[in-house]
Amino acid sequence: MQLTSPLHGLDPVVRSALVAVAGHGLGAPADRPPPTAPLGDRHWRSLMRSVRMERLLGLLDRAVADGAVPATAEQAADAEAAAAQSLRTVLHLERRLLTVADHLDRAAVPFVVLKGPAVARLDEPDPSMRNYADIDLLVGPPDLARAVTALGALGYVRDLPERRPGFDRSFGKEVPMADDRGSELDLHRTLALGSFGLCVDLPALWGSTEVLRLGGRQLTALDAEGRFVHACVTAALGDERPRLVALRDVASISSARPLADRRLHHLAPAGRGAVVVALAVRMCRAALGDVVGSSASAFAASVTPSRWERVALRAYRAQGGSNTLELLSGVLAVRGQARARYVRALVAPDAAYLDARRRAGRPREWTTGLREVASRRRATVGKGSTGD
């Protein structure tokens, strides 16, 4: 399994400070010593850039205030101002989430709050320590279309039309939407694109939830095991290079309380998803040290990747694949007539979808993707012919 580090290429001084920020409050491992003196101006500027990119501004402010990251008075003021600006974005999103919740309730659309707001309120000691830049909601497949319509009344417009009728409900990961002010909201059907997303047991995921209190309202979040598995999916599969905030989520959720082994095995079964949890735990340890909770660590240590999982992993961007290969990997998870419908939606989407991609200046995904597949096949054949 490939390990991709968000710390790769950083100056050692900056890397040490960034790890101290991302791991603040989790218990600093002995092999990750924090800085002992304030950074110089050049290193501080580099740290601030990295912290912004990794969405750790709230944690930086807290780490500086607690003395975990030494800083000059000017640097402390810089961290506080940047954290306040990020917090204003979060507060705007919280208000927007409450408005969205009202509209979905009126449309009788059940939903679950994912990622940032849930982790901030349920897994961190102070919500200001977990910054985020958009809203993610889980909606049942039969309710996706009604949810899109309900949010249209708030000014949200979907990123692209549906590939083919029924694709979102049966195969999609999410419907990305944004309003006229650029506020982004993702309506999730499942947790990941492609094969691993199509393997998620959605009834099981919905089967155990937790109350999330926000602005005097009671919303719904996944239970701790669901949040942990989702954090692992985001860290291991979500981006070409995982953000430290995603690895922080893996650690903070798992260390806040013991996780039920039986529930983890249900959500990430052996041979059909457990490898993603094991990979995320390894990535978290490689970046932040031994900060993962003991029950999650034990689960990850018990995982032996299946051949199916090893093949599926290679399609994901974080493991050297591409967005197109992630979609193609879904063929591994669907059977019978569903497989034919899935393939047709990928290779022959509706004209409205293609027109929207063209207007947005996006590449012709299948031309690019099939070239990549052919290139990889030639490389594999070449290696075989030389005996490597």
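Heavy-atom basis, side chains included; hydrogens, waters and symmetry copies ignored.
In this structure, the side chain to side chain contact (heavy atoms under 4.5 Å, CB included) partners of Ala76, at least two apart in sequence or on a different chain, are Val64. Qualifying ring pair (Phe, Tyr, Trp, His ring centres under 6.0 Å) partners for His265, counting only residues two or more places apart in sequence or in other chains: Phe299.
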- Message: Let's go through Thr220 and Val113 carefully: what are the C-alpha distance in whole Å and the side-chain angles of both, what is the deciding distance for side chain to side chain contact (heavy atoms under 4.5 Å, CB included) to 0.1 Å, and is it a yes or a no?
- Response: CA-CA 6 Å; Thr220 303; Val113 180; over 6 Å; no
- Message: Set out, in order, the CA-CA distance, both residues' side-chain angles and the distance that settles side chain to side chain contact (heavy atoms under 4.5 Å, CB included) for Asp249 and Thr234, then state yes or no.
- Response: CA-CA 10 Å; Asp249 287 350; Thr234 302; over 6 Å; no
- Task: Decide yes or no on side chain to side chain contact (heavy atoms under 4.5 Å, CB included) for Leu264 and Val277, but give the supporting numbers first.
- Result: CA-CA 9 Å; Leu264 290 178; Val277 172; over 6 Å; no
- Message: One pair to check against side chain to side chain contact (heavy atoms under 4.5 Å, CB included): Val311 and Leu332. What are the steps and the verdict?
- Response: CA-CA 9 Å; Val311 171; Leu332 299 172; 4.1 Å; yes
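Note that CE of Met48 and CD of Gln75 are 9.5 Å apart. Values are rounded to the nearest 0.5 Å. In this structure, the separation between OG1 on Thr72 and CG on Asp41 is 7.5 Å, given to the nearest 0.5 Å. Expressed to the nearest 0.5 Å, how far OG1 of Thr190 lies from NE2 of His230 amounts to 8.5 Å. Here the CG-OG distance, from Leu122 to Ser252, works out to 10.5 Å after rounding to the nearest 0.5 Å. Note that CG of Leu154 is 9.5 Å distant from CG of Leu185, once rounded to the nearest 0.5 Å. Distance check, rounded to the nearest 0.5 Å: CG of Leu244 to CG of Leu288 gives 6.0 Å.
Among residue pairs with one or both ends in residues 58-77, those qualifying as salt bridge (charged side-chain N to carboxylate O under 4.0 Å, His left out) are Arg62-Asp126; sequence neighbours excluded. Within the structure, the salt bridge (charged side-chain N to carboxylate O under 4.0 Å, His left out) test picks out the following pairs touching residues 320-331 (sequence neighbours left out): Arg317-Glu326. Within the structure, the salt bridge (charged side-chain N to carboxylate O under 4.0 Å, His left out) test picks out the following pairs touching residues 215-231 (sequence neighbours left out): Asp102-Arg217, Asp105-Arg217, Asp123-Arg227, Glu210-Arg227, Asp223-Arg263. Sorted by first and then second residue, the pairs that involve residues 173-193 and meet salt bridge (charged side-chain N to carboxylate O under 4.0 Å, His left out), not counting sequence neighbours, are Arg96-Asp179.
Ion pairing between a basic and an acidic side chain is recognised when a charged N comes within 4.0 Å of a carboxylate O; Glu124 and Arg248 show such pairing.
Note on Val112: it clusters hydrophobically with Val119, by side-chain heavy-atom contacts below 4.5 Å among ILVMFWY residues. A continuous path of ILVMFWY side-chain contacts below 4.5 Å connects Met129 to Leu26, so both sit in one hydrophobic cluster. Cluster membership for Leu222 and Leu144, using ILVMFWY side-chain heavy atoms within less than 4.5 angstrom, is not shared. Residue Leu98 is grouped with residue Val139 when hydrophobic side chains (ILVMFWY) are merged at heavy-atom distances under 4.5 angstrom, including chains of intermediate members. Following chains of ILVMFWY side-chain contacts shorter than 4.5 Å, one cannot reach Leu114 starting from Val148, and the two form parts of different hydrophobic clusters.
Using a distance-only test at 3.5 Å, with no hydrogens or angles considered, no donor-acceptor pair links the side chain of Ser295 to the main chain of Pro258. Side-chain N or O atoms of Trp44 include none that pairs as donor or acceptor with a backbone N or O of Pro38 at under 3.5 Å. The closest donor-acceptor contact from the side chain of Ser170 to the backbone of Phe167 lies at 3.5 Å or more, if one exists at all. A donor-acceptor pair is defined here as one N or O able to donate and one able to accept, closer than 3.5 Å; such a pair exists between the side chain of Thr149 and the backbone of Ala145. The backbone N or O of Phe196 sits less than 3.5 Å from a side-chain atom of Tyr316, completing a donor-acceptor pair. For the pair Glu162 (side chain) and Gly166 (backbone), a donor-acceptor distance under 3.5 Å is present. For Thr99 (side chain) and Arg95 (main-chain N/O), a donor-acceptor pair under 3.5 Å exists by modelled atom type. The backbone N or O of Leu237 lies less than 3.5 Å from no partner atom in the side chain of Gln319, so there is not a single donor-acceptor pair. Under the 3.5 Å distance criterion, the side-chain polar atoms of Gln218 are left unmatched by any main-chain donor or acceptor of Val211.
With Asp350 as the partner, the salt bridge (charged side-chain N to carboxylate O under 4.0 Å, His left out) test is satisfied by one option alone out of Arg357, Arg344, Arg164: Arg164. Each of Arg243, Arg49, Arg241 was compared with Glu54 under the salt bridge (charged side-chain N to carboxylate O under 4.0 Å, His left out) criterion, and only Arg241 meets it.
You'll find the side chain of Leu346 stays beyond 4.5 Å of the side chain of Thr324, heavy atoms only. For the pair Phe171 and Leu327, the minimum side-chain heavy-atom distance is 4.5 Å or more. Side-chain contact between Leu151 and Leu187: present, with at least one pair of heavy atoms (C-beta onward) separated by less than 4.5 Å. Between Leu279 and Leu313, the closest side-chain pair of non-hydrogen atoms falls below 4.5 Å. By the 4.5 Å heavy-atom criterion applied to side chains, Leu93 and Ser183 are counted as neighbours. A heavy-atom distance below 4.5 Å is not found between the side chains of Arg213 and Arg121. The shortest distance between side-chain heavy atoms of Leu56 and Leu18 falls below 4.5 Å. At a threshold of 4.5 Å between non-hydrogen side-chain atoms, the residues Arg272 and Trp308 count as touching.
More than 12 heavy atoms of other residues, nucleotides or ligands shown are found within 6.0 angstrom of CZ on Arg339. The neighbour count for Arg106 CZ, taken as heavy atoms of other residues, nucleotides or ligands under 6.0 Å away, is above 12. The 12-atom threshold is exceeded at NE2 of His103, counting heavy atoms of other residues, nucleotides or ligands nearer than 6.0 Å. Atom CZ of Arg335 is surrounded by more than 12 heavy atoms from other residues, nucleotides or ligands within 6.0 Å.
A pairwise comparison of heavy atoms in Arg285 and Ser297 identifies NH2-OG, 2.7 Å as the closest pair. In terms of heavy atoms, Gly226 sits closest to Leu205 at CA-CD1, 4.5 Å. Counting all heavy atoms, side chain and backbone alike, Met283 lies closest to Pro242 at CE-CG, 3.4 Å. Smallest separation of non-hydrogen atoms from Ala312 and Ser195: CB-OG, 3.3 Å. For the pair Phe111 and Ala101, the tightest heavy-atom approach, listed with the atom from each and the gap, is CZ-CB, 3.5 Å. Shortest non-hydrogen contact noted between Val69 and Ala17 is CG2-O, 4.3 Å.
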